[in-house]
Peer 1: 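There's a structure below that I have some questions on.
Sequence lines set the chain letters: A, B, ... in the order given, protein chains first and strands last, and positions in each chain run from 1.
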Number of protein chains: 2
Amino acid sequence: MAKKTRKPIDDRLLDTAIEQFGRNGLEGASTRAIAAAAGTAMSSITYHYGGKEGLYLAAARRIAEQIAGRLAGTLQGAPDPEQLDAEDALAQLVVLADAALGLMLSPESAAWSRFIIREQAEPTEGFEILWDRVMGPVTTRLVRLVQRAGPAGLRPADARVRAVTLFGQVLVFRVARAAALRVTGWRDIGPAQSTEIRRILHAQVRAIVTAT
Amino acid sequence: MAKKTRKPIDDRLLDTAIEQFGRNGLEGASTRAIAAAAGTAMSSITYHYGGKEGLYLAAARRIAEQIAGRLAGTLQGAPDPEQLDAEDALAQLVVLADAALGLMLSPESAAWSRFIIREQAEPTEGFEILWDRVMGPVTTRLVRLVQRAGPAGLRPADARVRAVTLFGQVLVFRVARAAALRVTGWRDIGPAQSTEIRRILHAQVRAIVTAT
DNA sequence: GTCTATACTACGATAGAC
DNA sequence: GTCTATCGTAGTATAGAC
């Protein structure tokens, strides 16, 4: 099923599927509504993806592809953590955090994140796809950078937990966005707010990683 | 399912509703399934709550009640942030973070969090209920403590963003639990892992809040 | 390849028995 | 207060026209 056709129907179906599966879940979303929103007949889903489940997994693959594509610019040619000193590792951490935050704040990621959060709470085969293609590689790098940038003698297990909490600081702006808006008093998270978050995030990445 | 003969039918309906609405959403969950799992007829939902939507909002109220009850021990009689010096405010922050983490890690909160996360991504009237009764009061206190514990001259807007990221560090263990388990290599988050997280969290709360 | 038509199941709401 | 029965709607899947 891993086809890379450029047929508009396929693409529109996938985009709509990500949106609606993210919003309503595998069971909650209806193939009729997805097909209608994509401007085609429901049976096209059967034809192209074998059914609802096939469409769902294809949507997961698509999300992984798109996130990987967005992060490619940051990860391509990025230095190997093992060969960095603490200061350079910290700088690379900030770069990675920036990229992750950009992802979380991008409007395009709203649908992806809904889909992914669902998979976190109730993992299916879709989680494996997402983990293997995006989350795994990125978190591996994240942990290595934390290990490198952290205080000498930082236990590997600690570095992993720190990496998770680091990720949480970025994640919260997507996952708890409604609450974050109320706490900050912002009406939306636009460029101005994004800059503010980034500034504070940089300081805190430094503080978290270097804390003894 | 454990037999709870003493529990009134509407309580069993609410507990089941939280579980199933959290898992499948308002649209995805079916009143038939909820009623069946609660051991009653579907029409009981109409009788007690007026319909599906009424049950959903009642579930939101129930979640708010239960979380408030769990935090009551921590918040009751807790000192007013405005009257604390930086050090005591930091200590109170740690107490609050501990309570929040305990909430996130508790098995009972799994269903609640699914429900709440859904409301964050797609807020409905249920979000207002949750905000007014729990999130609002708790985050207000959180922001005040951060302001108090932070460096002198910390801008209020900064304190709010820091409060959000602080919350993210705790939230991540519930929301991105599947990923967190893979990153840490843990099979589950039990007492041992909980202690480890707590230890690191304390250090990082301190680091985040006092960072200049 | 994309459509319409159809078979079958499950949904939420409601009426009425008890 | 809780049940069963039933209505109209909407769901997925599939067959077949074009």
Peer 1: Give a yes/no on whether any side-chain N or O of A/T40 is located under 4.0 angstrom from OP1 or OP2 of C/dT2.
Peer 2: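 The answer is no; no side-chain N or O of A/T40 sits under 4.0 Å from OP1 or OP2.
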Peer 1: May I have the distance from B/L55 (atom CG) to C/dC11 (atom C1'), rounded to whole angstrom?
Peer 2: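 B/L55 atom CG is separated from C/dC11 atom C1' by 15 Å.
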Peer 1: Contact class for B/A29 (heavy atom, under 4.0 Å): base, sugar-phosphate, or nothing?
Peer 2: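 Result for B/A29 = sugar-phosphate.
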Peer 1: If you check every side-chain atom of A/S43, which of C/dC11, C/dC3, C/dT14 has the closest atom?
Peer 2: C/dC3
Peer 1: Please work out if B/S44 contacts a base, only the sugar-phosphate, or nothing of the nucleic acid, heavy-atom cut-off 4.0 Å.
Peer 2: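 Here B/S44 touches the backbone only, sparing every base.
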Peer 1: Find the distance B/D11:CG to D/dG1:P and express it as a whole number of Å.
Peer 2: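 Taking CG of B/D11 and P of D/dG1, I get 15 Å after rounding.
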Peer 1: Does OP1 or OP2 of C/dG12 have a side-chain N or O of B/T46 closer than 4.0 Å?
Peer 2: no
Peer 1: Which whole-number value in Å describes the distance from A/L13 CG to C/dC3 P?
Peer 2: 9 Å
Peer 1: Indicate the atoms forming the closest heavy-atom contact of A/F21 with A/R118, along with that distance.
Peer 2: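 Nearest heavy atoms, A/F21 then A/R118: O-NE, 3.5 Å.
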Peer 1: What do you reckon, are the aromatic ring centroids of A/F115 and A/F127 less than 6.0 Å apart?
Peer 2: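 Centroid separation for A/F115 and A/F127: 6.0 Å or greater.
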Peer 1: Round to the nearest Å and state the distance from B/M42 atom CE to C/dA15 atom C1'.
Peer 2: 12 Å
Peer 1: Could you report the tightest heavy-atom contact between A/I34 and A/I45, atom names first, then the distance?
Peer 2: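 Smallest heavy-atom distance, with atoms named: CG2-CD1, 4.3 Å.
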Peer 1: Can you see which heavy atom on A/Q147 is nearest to which on A/P156, and at what distance?
Peer 2: OE1-CA, 3.2 Å
Peer 1: Hey, are B/T184 and B/Q193 close enough side-chain-wise for a donor-acceptor pair under 3.5 Å?
Peer 2: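 No pair is found: no donor N or O on one side chain lies under 3.5 Å from an acceptor on the other.
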Peer 1: Mind calculating the distance between OH (A/Y47) and C1' (C/dT4) to the nearest angstrom?
Peer 2: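 It is 17 Å, rounded to the nearest whole Å.
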Peer 1: Nearest to the A/A41 side chain among C/dT2, C/dT4, D/dT2, which nucleotide is it?
Peer 2: C/dT4
Peer 1: I need the CD1-P distance between A/I45 and D/dT14, as an integer number of Å.
Peer 2: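 For the pair A/I45 CD1 and D/dT14 P, the rounded distance is 13 Å.
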Peer 1: The side chain of B/K52 is closest to which nucleotide in this list: C/dT2, C/dA13, C/dT4?
Peer 2: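 Closest nucleotide to the B/K52 side chain: C/dA13.
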Peer 1: Please report, rounded to the nearest Å, how far the P atom of C/dC11 is from the CD1 atom of B/I34.
Peer 2: 11 Å
Peer 1: So if I take every side-chain heavy atom of B/H48 and compare against C/dC3, D/dT2, D/dA13, which nucleotide ends up nearest?
Peer 2: D/dT2
Peer 1: Measure the distance from CG on B/N24 to C1' on C/dG12 and round it to the nearest whole Å.
Peer 2: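 The answer, rounded to whole Å, is 16 Å.
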